[in-house]
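To keep things clear, I will list the structure first and then write my remarks on it.
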Amino acid sequence: MRVITTLAELAAAREAWMGEKQSCGFVPTMGYLHAGHLSLVEQARSENEVAVVSIFVNPAQFAPSEDLSRYPRDLPHDLALLEAAGTDIVFTPAPDDIYPPDFNTYVVPSGALAERLEAAVRPGHFRGVATVVLKLFNLVQPSRAYFGQKDAQQVAVLRRMLTDLNVPVELLALPTIREADGLAMSSRNSYLGAEDRLAATALFRALQAAAASFNASADTTIASLRRTMIETVAAEPRATLDYADVCDPATFEPLAELRAPMLLAIAARVGPARLIDNVLLNRDGSWNMGRRIGGQDSTR
Ligand code: PAF
């Protein structure tokens with residue numbers, strides 16, 4: 001495994017794999033890796049000749065009031081995990097290489113995707129995400145890029161960007177990886193103390209309850225799905241709901257009536273952490289709830 005820190009070194013490595021006509025699978029991350037990230041790396045490796053992972057805590061996607069300075073970081077541990085996962089190249093650029101002092105061009109998503117849910121709670125967030133991901137795609141020039149379905153709105157924003165800007169990268173969204181009790185894996189779970197950690201399962205329980213009510217009754221409505229999610233989170237005193245929504249997974253427009261595909265999306269604050277989760281009702285009527293693996297290897 002090679003660890004590359006400069007743009008010039010990355011360009012040379014890219015020329016080499018492209019010269020040999022090798023396909024590149026790319027996993028962009030902000031580090032503090034968990035089993036969810038590693039599932040993306042595993043898929044990137046299995047589908048491509050070269051697997052590249054970036055670790056870059058992107059300042060442009062954090063509002064001044066957010067957790068940029070305390071965002072968890074552990075590069076030595078990340079590198080050990082990536083080495084064990086068979087990564088070929090890890091790219092860890094310096095902030096000044098991605099955003100030089102005269103940097104002045106951003107990708108600004110618009111429409112419901114860039115206005116509702118995460119975009120409403122975190123103004124500017126998707127501008128930062130779209131900008132850094134397009135820059136990383138230009139630098140790495142991957143054949144395929146791998147993201148977690150947990151960040152469903154990020155996936156939808158990036159798919160839109162790739163289509164709108166004719167970016168020749170195939171984006172794959174892989175199932176959410178969960179702890180044994182259903183909590184979606186996230187680097188931000190590290191903010192949770194023991195009691196908040198237990199309370200944090202309220203998001204998954206809310207999604208599960210809504211999906212179960214959808215399966216159980218023909219009388220289910222958008223309003224009743226939302227109510228089920230809201231009531232489940234309200235029953236957990238340590239959790240404060242930001243939103244519980246039922247929307248189109250591609251546009252993030254709210255749905256007027258139940259249909260597949262359909263995304264149930266939820267966000268809540270639990271102690272010091274702000275957590276998001278979702279489940280997707282597929283076109284064939286099955287729920288994509290992700291995969292539970294749990295156990296000591298998946299938690300940090
Ligand atoms: O999902 C993340 O970790 C980040 O938003 C990403 C895609 C690496 C961009 O900074």
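Note that the coordinates shown come from a computational prediction; the quantities given were computed from them, not determined experimentally. Just follow the structure's listing: the first ligand is 1, and inside any ligand the first atom is 1.
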Quick one: which ligand 1 atoms are inside 4.0 Å of a heavy atom on [X]?
| X | value |
| --- | --- |
| V132 | 9 (C), 10 (O) |
| F147 | 7 (C) |
| Q154 | 1 (O), 2 (C), 4 (C), 5 (O), 7 (C) |

E118 and Y243: side chain donor to acceptor below 3.5 Å: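 A donor-acceptor contact under 3.5 Å links the two side chains.
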Ring centers of Y71, F62 separated by less than 6.0 Å: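 Between Y71 and F62, the centre distance is under 6.0 Å.
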ILVMFWY network linking M185 to L198, side-chain heavy atoms under 4.5 angstrom: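 Shared cluster, no.
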Nearest-neighbour protein heavy atom for atom 10 (O) of ligand 1, which is reported as residue plus atom name and distance: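 The closest one turns out to be Q61 OE1, 2.6 Å.
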Protein heavy-atom partner closest to atom 3 (O) of ligand 1 - residue, atom, separation in Å: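 Scanning the protein heavy atoms, the shortest distance from atom 3 (O) of ligand 1 goes to M30 CG, 3.6 Å.
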Neighbour count above 12 (heavy atom, 6.0 Å) for E42 CD: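 For E42, atom CD is not crowded (no more than 12 foreign heavy atoms under 6.0 Å).
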Step-by-step side-chain contact (heavy atoms from CB on, under 4.5 Å) determination, Q149 to L263: CA-CA 11 Å; Q149 174 62 30; L263 189 80; 3.8 Å; yes
